[in-house]
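Shown next, in structure tokens, is the structure this report addresses.
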Amino acid sequence: MAQQPATLHLDISDEHFRMDSEEVRKARAAHWYARTDWGIAVLSYEDSSFLLKNPFLTQGSAKWPSQHGVVDGHFDSWWQKTLLVLEGDEHNRIRRLVNPAFSARRIAPLHSRFRALADSLIDEWIDDGRTEFASRFAAPYATRILCMMLGIDEHDWKKIHELASTIGLGLGITIQENIAQIDEAIVELTQYAEFLVRSRRESPRGDILSTLVEARDEDAGKLSDQELINLIILLIFAGIDTTRNQLALAVDAFSKQQDQWEKLAAHPDRYAARAVEEALRVNPIGRWISREAADTFQHKERTIEKGTTVHLFTLTSATDPAAFDDPDRIDLDADRAPHFAFGGGLHHCLGHFVARADIGVALSAMATRMTGLRVGEGAEWLPDSGNTGANKLPITFTARS
């Protein structure tokens with residue numbers, strides 16, 4: 001019997017752990033998975049694709065707080081009931097209700113507003129030849145688009161962004177040290193969501209929030225009050241966090257490939273969608289997708305015991321040389337296999353049409369207005385754990401004439 005190759009251990013709890021490190025590449029070359037302190041990490045594209053469809057694997061993020069010593073409190077209570085971790089009929093019922101509000105057809109009419117917002121933000125600093133991208137573009141752009149989508153007053157964007165960013169710390173490995181402020185943010189955002197529900201009941205506006213409140217009030221069996229509040233918190237948090245951080249990651253990726261940036265600038269209509277997919281492939285905000293074995297099953301030579309946490313590494317699978325040519329480089333003309341940055345299966349990201357649209361508009365707007373894009377000194381990145389992004393991203397450029 002042939003001896004199986006040895007699996008390596010990856011310390012994904014280390015704040016210095018990097019998904020694009022030589023350590024991870026070595027582990028991927030050695031075997032299809034690696035061991036971690038929180039279950040196994042699936043590294044290859046082939047195995048990630050197969051396991052995402054495996055019926056024995058259910059959403060595995062529910063354990064994330066407890067794996068870091070957080071077993072009670074406001075964040076934990078909200079997290080255990082959020083759509084991200086629900087399963088079965090409960091998940092399907094809520095998702096069916098919300099899906100139509102985030103369809104591509106509903107998003108399409110907003111593209112011109114996205115572009116107008118992007119241009120107005122760029123106008124503020126385009127003549128300077130430099131800016132701090134995270135705070136002067138990514139944050140206001142992501143948050144104000146979320147306000148557009150939900151019908152929230154855009155003047156509230158700074159406070160909403162602050163709360164969403166704080167809750168976002170709950171998805172990182174520093175959750176325990178930040179849990180007090182995360183819990184406070186959940187309480188404050190809960191109160192804000194309750195205010196929004198009251199205001200829509202009094203004065204419906206035809207926006208997504210009004211649609212959800214109307215569905216709740218017409219048939220209480222569709223959505224409870226608490227489910228509605230939990231859903232609004234999720235939409236605010238996830239809608240802001242994903243776009244803000246993925247924009248910074250995309251800018252960082254394109255800054256290393258000027259030829260592809262110029263290609264996007266020359267043909268934005270042709271390449272905008274591809275630019276989003278390539279940025280998500282080589283530098284995704286979601287570094288892994290968590291699943292849990294609902295029952296014991298066999299995959300290849302490995303018996304995966306019931307209760308095992310399985311992390312499907314999105315970056316390593318989407319840059320797997322066994323599945324992609326020149327995998328670490330953006331190529332806007334390449335015909336690539338699908339990446340898993342938005343997850344897969346029943347838990348595929350609810351807002352992926354929104355994220356794809358607003359990121360594509362933003363990248364097109366920037367590429368057509370600036371050349372020589374570079375990331376300057378002083379960039380500050382979140383840990384490369386479940387979700388990542390930039391706290392600060394200074395960039396330099398030359399305005400196009």
Side-chain angles (χ1 to χ4, degrees), residues 18-20 111-112 114-145 242-285 315 318-319 325-334 336 339 341 355-382 384 388-401:
R18 301 301 299 179
M19 191 75 73
D20 60 355
H111 286 205
S112 60
F114 294 172
R115 179 60 190 250
L117 173 59
D119 281 329
S120 70
L121 293 169
I122 294 171
D123 286 343
E124 296 176 2
W125 40 259
I126 186 68
D127 294 332
D128 299 334
R130 65 179 63 246
T131 194
E132 199 291 287
F133 181 77
S135 63
R136 299 200 66 194
F137 186 89
Y141 180 77
T143 312
R144 289 174 64 181
I145 280 181
T242 299
T243 294
R244 181 190 72 239
N245 283 316
Q246 189 58 63
L247 274 173
L249 292 160
V251 165
D252 183 54
F254 272 102
S255 73
K256 299 167 184 174
Q257 290 188 236
Q258 297 295 312
D259 62 325
Q260 299 301 300
W261 184 251
E262 292 303 310
K263 187 179 291 186
L264 172 61
H267 304 284
D269 291 340
R270 177 180 176 183
Y271 288 120
R274 177 54 54 188
V276 176
E277 300 310 313
E278 281 290 87
L280 286 163
R281 185 181 66 81
V282 302
N283 208 10
I285 173 181
L315 191 152
T319 55
D325 294 328
D326 205 1
D328 297 313
R329 291 187 58 80
I330 292 172
D331 186 343
L332 298 183
D333 287 308
R336 304 287 200 186
H339 58 74
R356 284 182 158 108
D358 60 25
I359 293 169
V361 168
L363 291 177
S364 295
M366 289 187 289
T368 54
R369 299 191 63 184
M370 62 186 72
T371 187
L373 178 66
R374 293 283 187 271
V375 173
E377 295 183 3
E380 294 180 5
W381 296 99
L382 294 168
D384 210 6
T388 191
N391 286 325
K392 290 184 180 179
L393 192 69
I395 61 171
T396 62
F397 50 84
T398 301
R400 294 188 192 274
S401 56

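Between I359 atom CD1 and T243 atom OG1 the span is 5.0 Å, to the nearest 0.5 Å. For the atom pair L117 CG and D358 CG, the distance stands at 9.5 Å (nearest 0.5 Å). Going from atom CH2 of W125 over to atom CZ of F133 covers 6.5 Å, rounded to the nearest 0.5 Å. How far CD1 of I330 is from NZ of K263: 11.0 Å, rounded to the nearest 0.5 Å. The distance from the CE atom of M366 to the OG1 atom of T371 is 13.5 Å, given to the nearest 0.5 Å. In this structure, the separation between CG on N391 and CG on N245 is 8.0 Å, given to the nearest 0.5 Å.
The main-chain N or O of D331 is found under 3.5 Å from a side-chain atom of E278 such that the two form a donor-acceptor pair. Q260 places a side-chain N or O within donor-acceptor distance of the main-chain N or O of L332, the cut-off being under 3.5 Å. At least one donor-acceptor pair under 3.5 Å links the side chain of R336 to the backbone N or O of D325. Distance alone, capped at 3.5 Å, is enough to place a donor-acceptor pair between the R369 side chain and the D119 backbone. A donor-acceptor pair is defined here as one N or O able to donate and one able to accept, closer than 3.5 Å; no such pair exists between the side chain of W261 and the backbone of V251. Side-chain N or O atoms of R374 include none that pairs as donor or acceptor with a backbone N or O of T396 at under 3.5 Å. Formation of a donor-acceptor pair under 3.5 Å by the Q246 side chain with backbone atoms of N283 is found in this model. At distances below 3.5 Å, at least one donor-acceptor pair connects side-chain atoms of T388 with backbone N or O atoms of L382. Distance alone, capped at 3.5 Å, places no donor-acceptor pair between the T143 side chain and the P140 backbone.
The shortest non-hydrogen separation linking G360 to A272 is O-CB, 4.1 Å. Of all non-hydrogen atoms in L247 and Y141, the two that sit nearest each other are CD1-CD2, 3.6 Å. Considering every non-hydrogen atom in both L363 and A250, the closest pair reads CD2-CB, 4.0 Å. Contact detail for A142 and R244: the closest heavy-atom pair is CB-N, 3.6 Å. Nearest heavy atom pair, residue V375 against residue S255, reads CG2-OG, 3.6 Å. For the residue pair A134 and K392, the shortest heavy atom distance occurs at CB-CA, 4.2 Å.
Taking the six-membered ring where tryptophan is involved, the planes of Y271 and H267 are perpendicular, since the angle between them exceeds 60° and thus also 30°.
Residues E132 and L393 meet the side-chain proximity criterion, which asks for heavy atoms closer than 4.5 Å. Put simply, the side chain of R329 does not reach to within 4.5 Å of the side chain of V282, judged on heavy atoms.
Ion pair E277/R274 not flagged as a salt bridge, since none of the NZ, NE, NH1 or NH2 atoms sits closer than 4.0 Å to an Asp/Glu carboxylate oxygen. With respect to the salt-bridge test (charged N to carboxylate O, under 4.0 angstrom), the residues D333 and R270 qualify.
In this structure, R400 places its CZ atom where more than 12 heavy-atom neighbours from other residues, nucleotides or ligands lie under 6.0 Å away. Within 6.0 Å of CG on D259 lie more than 12 heavy atoms contributed by other residues, nucleotides or ligands.
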* Evaluate side chain to side chain contact (heavy atoms under 4.5 Å, CB included) for T319 paired with R281, printing each intermediate quantity in order. => CA-CA 7 Å; T319 55; R281 185 181 66 81; 4.1 Å; yes
